[in-house]
Amino acid sequence: MSDRETSLEAIIDFSHPGFRLCLNIQVPTAGVTALIGPSGCGKSTLLRLLAGLETPAAGHIRHGDQVWFDRARRIDLAPRHRRVGLLFQDYALFPHLNVARNIAYGLPRGVDRDTAIALWLSRLQLDGLAARRPDALSGGQRQRVALARALASEPAVLLLDEPFSAVDFSLRQALRLLFQEVVADRPVPTILVTHDLEDVRQVADRVGVLIDGELRQSGPTAEVFAQPCDAEVARVLGWHNLLPVSSWDSRTACGAWGSLPLALDEPTISADVIAIPPDGPRLDPERGLPIEVVRVTDMGGYHAVWCRLSDRSPLRVHLPRSAPCPTPGLRTRLDVPVETIIPLPARSAALPFALPLTTATLARRDP
Ligand SMILES: Nc1ncnc2c1ncn2[C@@H]1O[C@H](COP(=O)(O)OP(=O)(O)OP(=O)(O)O)[C@@H](O)[C@H]1O
């Protein structure tokens, strides 16, 4: 079956009091699609709508040829008929069932129960816990039981809300690898909601950035991380050094923090903010922005140096270990190579409806 036949597509318009989610999304079968955004932007709500636990005011949801929801045609498939593997932030385990029975709950017909339970207990490092009830598990154990239940059900679509958030660093790493194996083994449209950018970088093939119920940017993971479309998206992607610009032209950007040269052919975009990648700048007492070093952290391969600019704006730079390591309190200057500076608008429009959907998830609010 081609990817087009089994991808998940949805056009959704939905409101809570004071909040509106309005977007158009296509999730291909191959690979993982991560969904990130600030708290309250609508990520969990979108998963609930796709799973059939909330009903859109308008739109449609389709998995391959199967229509799950179509407001105009009055189709609204019950959640149990959508075959969605779901993991919620609160795990939603059955409190009266032990671990084994929770995992077995969604097993497809024909699967040997005991073998499948043993397999998933072992894969998620839950051996020895089969007979425990959820209230006798740690948060991380509960989360893994919920993940096992979602994966074991051989779903047609996987919707996972923060599936690795409650476990320690090394287990998280192991779970990411396991998850990638499982998804590669049985490709289904998969949405991974997470606040952890490492999850996105390591696991996701594509990423969509949701802000205020709209999809602001989406595309291949590396591309989105390298080229955020605006300062709000850049913040979601973990960019630190975003300096507001009060005036600018193609040669200079100025703000309360000072001024920096620009090298734009022409001022084609509205630059409200300049972004300074942390690896570009170098300390140089002779040139650049005046700074005071506030804190230095040894990150293993490099030193992270937190500085304050003249207006007390924070800035973080990464210095190679081969460079002299500054001490807190040092007043010096920061030479920022002109070619590393990225001008960004503060906020761009949501993705328009009519773009092709293969790499993109699209959104628009009504005017
Ligand atoms: N049952 C509800 N009634 C009214 N408003 C709700 C309800 N559930 C969620 N909301 C609101 O809808 C918006 C989106 O919530 P949602 O839980 O989808 O956000 P989120 O992006 O998943 O957030 P987080 O990252 O914190 O989990 C929020 O403003 C939230 O307060």
Side-chain angles (χ1 to χ4, degrees), residues 8 10-25 27 32-59 61 68-69 76 79 82 84-93 139-140 142-144 146-147 150 157-167 172 175-176 179 189-204 206-218 221 224-225 228-239 347-348 350-351 360-366:
L8 178 69
I11 294 178
I12 285 175
D13 191 344
F14 173 80
S15 296
H16 280 310
F19 172 79
R20 184 169 179 205
L21 182 80
C22 189
L23 56 76
N24 176 339
I25 179 170
V27 185
V32 173
T33 301
L35 190 63
I36 58 174
S39 188
C41 69
K43 303 179 294 295
S44 306
T45 303
L46 175 60
L47 298 195
R48 292 177 61 77
L49 286 156
L50 295 173
L53 302 171
E54 305 270 8
T55 307
I61 303 172
W68 285 0
F69 175 82
D76 188 6
R82 299 190 186 194
V84 168
L86 257 180
L87 185 148
F88 289 114
Q89 274 179 31
D90 63 2
Y91 317 140
L93 295 174
R142 277 200 288 271
Q143 187 174 42
R144 275 174 286 151
L147 185 57
V157 169
L158 257 178
L159 305 176
L160 306 176
D161 205 344
E162 296 279 3
F164 318 126
S165 60
V167 296
R172 191 171 183 122
L175 287 183
R176 285 180 186 137
F179 177 66
T190 299
I191 300 183
L192 171 72
V193 166
T194 181
H195 284 287
D196 186 325
L197 297 174
E198 265 321 291
D199 286 348
V200 183
R201 286 184 187 277
Q202 290 191 26
V203 172
R206 296 166 296 278
V207 57
V209 182
L210 192 62
I211 295 180
D212 293 339
E214 297 179 332
L215 214 78
R216 190 71 66 78
Q217 187 170 6
S218 69
T221 303
V224 172
F225 270 94
C229 63
D230 64 35
E232 289 183 355
V233 170
R235 262 181 219 107
V236 170
L237 295 167
W239 287 36
R347 181 189 170 110
S348 55
L351 292 170
T361 313
L362 310 172
R364 184 176 68 180
R365 272 183 200 284
D366 290 336

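Every number for a ligand or one of its atoms is a count from 1 in the order of the listing.
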Could you tell me whether Gly40 and ligand 1 have an N or O pair separated by under 3.5 Å?
yes
Counting from 1, what ligand 1 atoms have a heavy atom of Thr45 closer than 4.0 Å?
14 (C), 15 (O), 16 (P), 18 (O)
Ligand 1 atoms nearer than 4.0 angstrom to some heavy atom of Gln89 are 27 (O)
Short check: is a protein heavy atom less than 4.0 Å from atom 13 (C) of ligand 1?
yes
Can you confirm whether some protein heavy atom lies under 4.0 Å from atom 31 (O) of ligand 1, or whether none does?
no
May I ask whether His195 has any heavy atom positioned less than 4.0 angstrom from an atom of ligand 1?
yes
Mind checking the CZ-CG spacing from Phe88 to Leu159? Nearest 0.5 Å is all I need.
8.5 Å
How long is the gap from CZ on Arg206 to OG1 on Thr33, to the nearest 0.5 Å?
3.5 Å
Side chain to side chain contact (heavy atoms under 4.5 Å, CB included) with Ile191: which of Ile25, Val157, Leu160?
Ile25
Output yes when [X] and [Y] qualify as a salt bridge under the 4.0 Å nitrogen-oxygen rule, no when they do not.
X      : Y      : answer
Asp76  : Arg82  : yes
Asp199 : Arg176 : yes
Arg20  : Asp212 : no

For ligand 1, does His16 get within less than 4.0 Å through its side chain, its backbone, both, or neither, judged by non-hydrogen atoms?
side chain
Identity and distance of the protein heavy atom lying nearest atom 17 (O) of ligand 1:
Ser44 CB, 3.8 Å
Do Leu192 and Leu158 come close enough that some side-chain heavy atom pair is under 4.5 Å?
no
Would you indicate which of Cys41, Ser39, Gly42 comes nearest to atom 24 (P) of ligand 1 when only heavy atoms are counted?
Ser39
